[in-house]
Amino acid sequence: MKFPIFPEQASTISRAVDQLYFGLTALSAVMIFLIFLTLAFFLFKYRKGKEVERGPVRIPQLTIEVTWIVVPLLLMMVVFAWGTHVYFHQQRVPPGAMEINVVGKQWMWKVQHPEGNREINELHVPVGRIVRLTLASQDVIHSFYLPAFRTKMDVVPGRYTTEWFQATKVGSYHLFCAEFCGTKHSGMVGRVEVMDPADYEKWLSAGRPASTMAQEGERLFRELGCSGCHVGSSVVRAPPLEGVYGKAVPLQTGQIVRADEGYIRDSILLPNNQITAGYQPLMPSYQGHINEEELLQLIAYIKTLGRRNPEDKQ
Ligand code: CUA
(Lines give C-alpha, C1' and ligand atoms only; values in the text may rest on other atoms or scores of the structure.)
Protein backbone atom coordinates (compact mmCIF):
# COMPACT_ATOMS: atom_id res chain seq x y z
CA MET A 1 0.00 0.00 0.00
CA LYS A 2 1.21 3.44 -0.86
CA PHE A 3 1.18 5.85 2.05
CA PRO A 4 2.87 9.08 0.99
CA ILE A 5 4.03 11.22 3.91
CA PHE A 6 5.40 13.86 1.56
CA PRO A 7 4.01 15.33 -1.63
CA GLU A 8 5.63 14.13 -4.84
CA GLN A 9 9.08 15.53 -5.68
CA ALA A 10 8.47 17.38 -8.92
CA SER A 11 11.04 20.17 -9.08
CA THR A 12 14.82 20.45 -9.13
CA ILE A 13 14.95 21.59 -5.50
CA SER A 14 12.44 19.13 -4.01
CA ARG A 15 15.06 16.56 -3.14
CA ALA A 16 17.41 19.05 -1.44
CA VAL A 17 14.55 20.44 0.68
CA ASP A 18 13.44 16.95 1.71
CA GLN A 19 16.99 15.89 2.56
CA LEU A 20 17.36 18.91 4.81
CA TYR A 21 14.05 18.14 6.46
CA PHE A 22 14.98 14.49 7.02
CA GLY A 23 18.43 15.54 8.23
CA LEU A 24 16.93 17.82 10.87
CA THR A 25 14.43 15.19 11.93
CA ALA A 26 17.15 12.53 12.19
CA LEU A 27 19.38 14.84 14.24
CA SER A 28 16.50 15.60 16.62
CA ALA A 29 15.68 11.90 16.89
CA VAL A 30 19.29 11.01 17.76
CA MET A 31 19.38 13.76 20.41
CA ILE A 32 16.10 12.67 21.95
CA PHE A 33 17.30 9.06 21.99
CA LEU A 34 20.59 9.96 23.72
CA ILE A 35 18.90 12.16 26.31
CA PHE A 36 16.22 9.64 27.19
CA LEU A 37 18.66 6.74 27.21
CA THR A 38 20.86 8.58 29.73
CA LEU A 39 17.78 9.53 31.74
CA ALA A 40 16.58 5.94 31.90
CA PHE A 41 20.05 4.69 32.80
CA PHE A 42 20.39 7.02 35.78
CA LEU A 43 16.83 6.46 36.91
CA PHE A 44 17.58 2.77 37.06
CA LYS A 45 21.05 3.08 38.56
CA TYR A 46 20.10 5.48 41.37
CA ARG A 47 16.67 4.06 42.13
CA LYS A 48 15.49 4.08 45.75
CA GLY A 49 17.02 1.43 47.97
CA LYS A 50 19.86 0.57 45.59
CA GLU A 51 23.29 0.23 47.16
CA VAL A 52 25.31 2.72 45.15
CA GLU A 53 27.89 5.45 45.63
CA ARG A 54 25.94 8.68 46.06
CA GLY A 55 28.77 11.04 46.96
CA PRO A 56 29.73 14.04 44.79
CA VAL A 57 31.15 13.01 41.40
CA ARG A 58 34.51 14.36 40.31
CA ILE A 59 34.43 15.29 36.61
CA PRO A 60 36.94 17.81 35.25
CA GLN A 61 34.86 21.00 35.00
CA LEU A 62 36.69 22.43 32.02
CA THR A 63 36.51 19.25 29.96
CA ILE A 64 32.80 18.81 30.42
CA GLU A 65 31.99 22.48 29.78
CA VAL A 66 34.08 22.65 26.62
CA THR A 67 32.45 19.44 25.38
CA TRP A 68 28.89 20.61 25.85
CA ILE A 69 29.65 23.92 24.22
CA VAL A 70 31.75 22.79 21.27
CA VAL A 71 29.84 19.66 20.19
CA PRO A 72 26.38 21.30 19.92
CA LEU A 73 27.99 24.38 18.33
CA LEU A 74 29.55 22.30 15.57
CA LEU A 75 26.30 20.42 15.03
CA MET A 76 24.36 23.68 14.83
CA MET A 77 26.87 25.18 12.41
CA VAL A 78 26.42 22.18 10.13
CA VAL A 79 22.64 22.71 10.24
CA PHE A 80 23.13 26.44 9.62
CA ALA A 81 25.43 25.98 6.63
CA TRP A 82 23.24 23.26 5.14
CA GLY A 83 20.04 25.29 5.60
CA THR A 84 21.65 28.44 4.20
CA HIS A 85 22.87 26.56 1.15
CA VAL A 86 19.36 25.26 0.39
CA TYR A 87 17.81 28.65 1.18
CA PHE A 88 20.01 30.60 -1.22
CA HIS A 89 19.50 28.00 -3.91
CA GLN A 90 15.76 28.44 -3.45
CA GLN A 91 15.91 32.25 -3.37
CA ARG A 92 18.25 33.03 -6.26
CA VAL A 93 16.56 32.78 -9.62
CA PRO A 94 18.89 31.06 -12.09
CA PRO A 95 19.49 32.94 -15.35
CA GLY A 96 17.41 32.25 -18.43
CA ALA A 97 14.06 31.99 -16.66
CA MET A 98 10.78 32.44 -18.47
CA GLU A 99 8.56 34.95 -16.71
CA ILE A 100 4.95 34.56 -15.69
CA ASN A 101 2.92 37.10 -13.72
CA VAL A 102 0.54 36.20 -10.92
CA VAL A 103 -1.92 38.47 -9.14
CA GLY A 104 -3.55 37.19 -5.98
CA LYS A 105 -6.88 38.58 -4.81
CA GLN A 106 -9.64 37.43 -2.49
CA TRP A 107 -10.03 34.60 -3.46
CA MET A 108 -8.35 33.59 -6.67
CA TRP A 109 -5.07 33.51 -8.56
CA LYS A 110 -4.97 35.41 -11.83
CA VAL A 111 -2.14 34.43 -14.10
CA GLN A 112 -0.91 36.14 -17.23
CA HIS A 113 1.78 34.81 -19.56
CA PRO A 114 4.01 37.21 -21.53
CA GLU A 115 2.29 35.96 -24.72
CA GLY A 116 -0.92 37.43 -23.33
CA ASN A 117 -2.64 34.18 -22.30
CA ARG A 118 -4.60 34.46 -19.09
CA GLU A 119 -5.82 31.83 -16.69
CA ILE A 120 -7.44 31.68 -13.28
CA ASN A 121 -6.42 29.21 -10.55
CA GLU A 122 -4.39 27.35 -13.14
CA LEU A 123 -0.81 27.70 -14.19
CA HIS A 124 0.43 25.96 -17.31
CA VAL A 125 4.18 25.59 -17.59
CA PRO A 126 6.56 23.55 -19.73
CA VAL A 127 8.57 20.81 -18.03
CA GLY A 128 12.31 21.44 -17.62
CA ARG A 129 12.14 25.21 -18.03
CA ILE A 130 13.07 27.61 -15.25
CA VAL A 131 9.96 29.63 -14.45
CA ARG A 132 10.12 32.90 -12.58
CA LEU A 133 6.88 34.16 -11.11
CA THR A 134 6.35 37.81 -10.34
CA LEU A 135 3.76 37.89 -7.59
CA ALA A 136 1.48 40.80 -6.71
CA SER A 137 -1.53 41.11 -4.43
CA GLN A 138 -4.56 43.25 -5.08
CA ASP A 139 -5.74 43.25 -1.47
CA VAL A 140 -4.26 41.33 1.48
CA ILE A 141 -1.30 39.03 2.04
CA HIS A 142 -1.57 35.71 0.26
CA SER A 143 1.07 33.05 -0.20
CA PHE A 144 1.75 31.13 -3.39
CA TYR A 145 2.49 27.58 -2.34
CA LEU A 146 3.49 24.71 -4.62
CA PRO A 147 4.08 21.71 -2.33
CA ALA A 148 5.33 19.34 -5.04
CA PHE A 149 7.93 21.94 -6.02
CA ARG A 150 8.83 22.68 -2.36
CA THR A 151 8.45 26.40 -2.87
CA LYS A 152 6.29 29.03 -1.24
CA MET A 153 6.35 32.81 -1.31
CA ASP A 154 4.29 35.50 0.35
CA VAL A 155 2.27 37.66 -2.01
CA VAL A 156 2.21 41.07 -0.40
CA PRO A 157 0.17 44.13 -1.39
CA GLY A 158 2.22 47.13 -2.46
CA ARG A 159 5.27 45.24 -3.70
CA TYR A 160 6.45 42.43 -5.90
CA THR A 161 7.85 39.17 -4.69
CA THR A 162 9.34 36.46 -6.86
CA GLU A 163 9.41 32.72 -6.78
CA TRP A 164 11.00 30.26 -9.18
CA PHE A 165 10.92 26.58 -9.95
CA GLN A 166 12.00 24.12 -12.58
CA ALA A 167 9.51 21.29 -12.90
CA THR A 168 11.02 17.88 -13.53
CA LYS A 169 7.91 15.81 -14.27
CA VAL A 170 4.89 16.25 -16.50
CA GLY A 171 1.75 16.20 -14.39
CA SER A 172 -0.85 18.13 -12.48
CA TYR A 173 0.08 19.50 -9.07
CA HIS A 174 -1.62 21.33 -6.23
CA LEU A 175 -1.42 25.07 -5.86
CA PHE A 176 -2.45 26.54 -2.53
CA CYS A 177 -2.79 29.88 -0.83
CA ALA A 178 -0.80 29.34 2.35
CA GLU A 179 -1.65 32.54 4.21
CA PHE A 180 -4.99 33.04 5.92
CA CYS A 181 -6.58 35.74 3.79
CA GLY A 182 -10.25 35.79 4.69
CA THR A 183 -13.34 33.62 4.78
CA LYS A 184 -12.69 31.78 1.53
CA HIS A 185 -8.95 31.33 2.03
CA SER A 186 -9.34 27.56 1.93
CA GLY A 187 -10.93 27.84 -1.50
CA MET A 188 -8.03 29.80 -2.95
CA VAL A 189 -6.54 26.75 -4.58
CA GLY A 190 -5.68 25.61 -8.06
CA ARG A 191 -3.53 23.37 -10.21
CA VAL A 192 -0.19 23.68 -11.88
CA GLU A 193 -0.21 21.81 -15.15
CA VAL A 194 3.31 20.81 -16.13
CA MET A 195 3.34 20.02 -19.83
CA ASP A 196 5.66 18.71 -22.45
CA PRO A 197 7.25 21.80 -24.14
CA ALA A 198 5.54 21.01 -27.45
CA ASP A 199 2.16 20.64 -25.72
CA TYR A 200 2.79 23.88 -23.88
CA GLU A 201 3.40 25.68 -27.18
CA LYS A 202 0.17 24.17 -28.51
CA TRP A 203 -1.69 25.27 -25.39
CA LEU A 204 -0.27 28.78 -25.73
CA SER A 205 -1.23 29.17 -29.38
CA ALA A 206 -4.68 27.63 -28.88
CA GLY A 207 -5.60 30.28 -26.34
CA ARG A 208 -3.48 33.09 -27.69
CA PRO A 209 -5.24 36.44 -27.37
CA ALA A 210 -5.00 39.26 -29.91
CA SER A 211 -2.25 41.04 -28.01
CA THR A 212 0.72 40.09 -25.86
CA MET A 213 1.24 41.50 -22.38
CA ALA A 214 3.71 44.03 -23.74
CA GLN A 215 1.25 45.13 -26.44
CA GLU A 216 -1.45 45.61 -23.82
CA GLY A 217 1.11 47.60 -21.85
CA GLU A 218 1.91 49.72 -24.87
CA ARG A 219 -1.77 50.55 -25.32
CA LEU A 220 -1.98 51.56 -21.63
CA PHE A 221 1.21 53.59 -22.03
CA ARG A 222 -0.58 55.73 -24.62
CA GLU A 223 -4.01 55.77 -22.95
CA LEU A 224 -2.67 56.85 -19.56
CA GLY A 225 -0.59 59.55 -21.20
CA CYS A 226 2.82 58.13 -20.23
CA SER A 227 3.95 58.57 -23.82
CA GLY A 228 3.24 62.32 -23.54
CA CYS A 229 6.41 62.76 -21.46
CA HIS A 230 8.43 59.59 -21.77
CA VAL A 231 9.11 59.50 -25.51
CA GLY A 232 12.09 61.14 -27.15
CA SER A 233 10.25 63.96 -28.93
CA SER A 234 8.36 65.09 -25.83
CA VAL A 235 8.55 68.72 -24.62
CA VAL A 236 8.45 67.79 -20.94
CA ARG A 237 11.78 66.52 -19.74
CA ALA A 238 11.18 63.04 -18.32
CA PRO A 239 13.67 60.20 -18.01
CA PRO A 240 13.79 58.11 -21.20
CA LEU A 241 12.65 54.56 -20.65
CA GLU A 242 14.52 52.80 -23.43
CA GLY A 243 16.79 50.23 -21.90
CA VAL A 244 16.06 51.37 -18.36
CA TYR A 245 15.01 47.90 -17.17
CA GLY A 246 17.81 46.18 -15.29
CA LYS A 247 20.03 49.28 -15.33
CA ALA A 248 21.41 51.20 -12.39
CA VAL A 249 19.59 54.53 -12.00
CA PRO A 250 21.26 57.43 -10.18
CA LEU A 251 18.82 59.30 -7.95
CA GLN A 252 18.75 62.94 -6.91
CA THR A 253 19.74 61.89 -3.41
CA GLY A 254 22.99 60.41 -4.73
CA GLN A 255 21.70 56.90 -4.20
CA ILE A 256 21.86 54.41 -7.03
CA VAL A 257 19.05 51.93 -7.47
CA ARG A 258 18.52 49.09 -9.88
CA ALA A 259 15.53 49.49 -12.20
CA ASP A 260 13.79 46.19 -11.53
CA GLU A 261 10.05 45.49 -11.55
CA GLY A 262 9.67 46.90 -8.05
CA TYR A 263 11.42 50.14 -8.99
CA ILE A 264 9.26 50.66 -12.07
CA ARG A 265 6.16 49.87 -10.03
CA ASP A 266 7.10 52.46 -7.39
CA SER A 267 7.94 55.00 -10.07
CA ILE A 268 4.39 54.69 -11.43
CA LEU A 269 2.55 54.66 -8.11
CA LEU A 270 4.85 56.82 -5.95
CA PRO A 271 6.74 58.87 -8.53
CA ASN A 272 8.02 61.45 -6.07
CA ASN A 273 9.75 58.94 -3.82
CA GLN A 274 12.73 58.31 -6.04
CA ILE A 275 13.52 61.11 -8.46
CA THR A 276 16.05 60.33 -11.14
CA ALA A 277 19.09 62.61 -10.89
CA GLY A 278 18.71 65.66 -13.11
CA TYR A 279 14.88 65.61 -13.29
CA GLN A 280 12.08 67.50 -11.57
CA PRO A 281 9.37 65.80 -9.50
CA LEU A 282 6.65 66.51 -12.07
CA MET A 283 5.02 63.15 -12.56
CA PRO A 284 1.57 62.57 -11.05
CA SER A 285 0.88 59.36 -9.16
CA TYR A 286 -1.13 56.69 -10.92
CA GLN A 287 -2.23 55.09 -7.67
CA GLY A 288 -5.91 54.24 -8.01
CA HIS A 289 -5.89 54.74 -11.78
CA ILE A 290 -4.28 51.45 -12.60
CA ASN A 291 -4.74 47.96 -11.20
CA GLU A 292 -2.15 45.27 -10.49
CA GLU A 293 -2.65 43.48 -13.78
CA GLU A 294 -2.32 46.69 -15.77
CA LEU A 295 0.82 47.60 -13.85
CA LEU A 296 2.38 44.28 -14.80
CA GLN A 297 1.43 44.87 -18.45
CA LEU A 298 2.99 48.33 -18.39
CA ILE A 299 6.14 46.87 -16.88
CA ALA A 300 6.20 44.13 -19.53
CA TYR A 301 6.09 46.88 -22.15
CA ILE A 302 8.82 48.95 -20.51
CA LYS A 303 11.01 45.83 -20.42
CA THR A 304 10.66 45.41 -24.18
CA LEU A 305 11.79 49.00 -24.67
CA GLY A 306 15.06 47.80 -23.22
CA ARG A 307 15.29 44.85 -25.56
CA ARG A 308 14.49 46.84 -28.66
CA ASN A 309 17.49 49.05 -28.06
CA PRO A 310 20.27 47.50 -30.17
CA GLU A 311 22.99 48.79 -27.84
CA ASP A 312 21.44 46.88 -24.97
CA LYS A 313 22.57 43.32 -25.10
CA GLN A 314 20.40 42.08 -22.26
CU1 CUA B 1 -5.19 33.92 -0.29
CU2 CUA B 1 -5.22 32.63 1.70
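Counting starts at 1 for both ligands and their atoms, in listed order. The analysis underlying the following values was restricted to heavy atoms, covering all of them including side chains, and did not include hydrogens, waters or symmetry mates. Predicted model only: the values in this text are computed from it and were never measured.
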Co-membership, hydrophobic cluster, residues Val192 and Tyr200, 4.5 Å side-chain: yes
Atom 1 (Cu) of ligand 1 to nearest N/O/S of His185 below 2.8 Å: no
- prompt: Hey, which N, O or S atom on Glu179 ends up closest to atom 2 (Cu) of ligand 1?
  reply: O
task: Give a yes/no answer: is there an N/O/S atom of Met188 under 2.8 Å from atom 1 (Cu) of ligand 1?
output: yes
query: For the side-chain hydrogen bond (donor to acceptor under 3.5 Å, both in side chains) test, which of Glu99, Glu119, Arg118 pairs with His113?
result: Glu119
task: Please work out the angle at atom 1 (Cu) of ligand 1 defined by atom SG of Cys181 on one side and atom SG of Cys177 on the other, rounded to 10°.
output: 110°
Glu292 and its side-chain hydrogen bond (donor to acceptor under 3.5 Å, both in side chains) partner, picked from Gln297, Arg265, Gln138: Arg265
task: Answer yes if the ring centres of His174 and Phe176 are under 6.0 angstrom apart, and no otherwise.
output: yes
message: Parallel, tilted or perpendicular, judged at 30° and 60°: which one describes the rings of His185 and Phe180?
response: perpendicular
- request: Have a look at His142 and say which of its N, O or S atoms is nearest atom 1 (Cu) of ligand 1.
  value: ND1
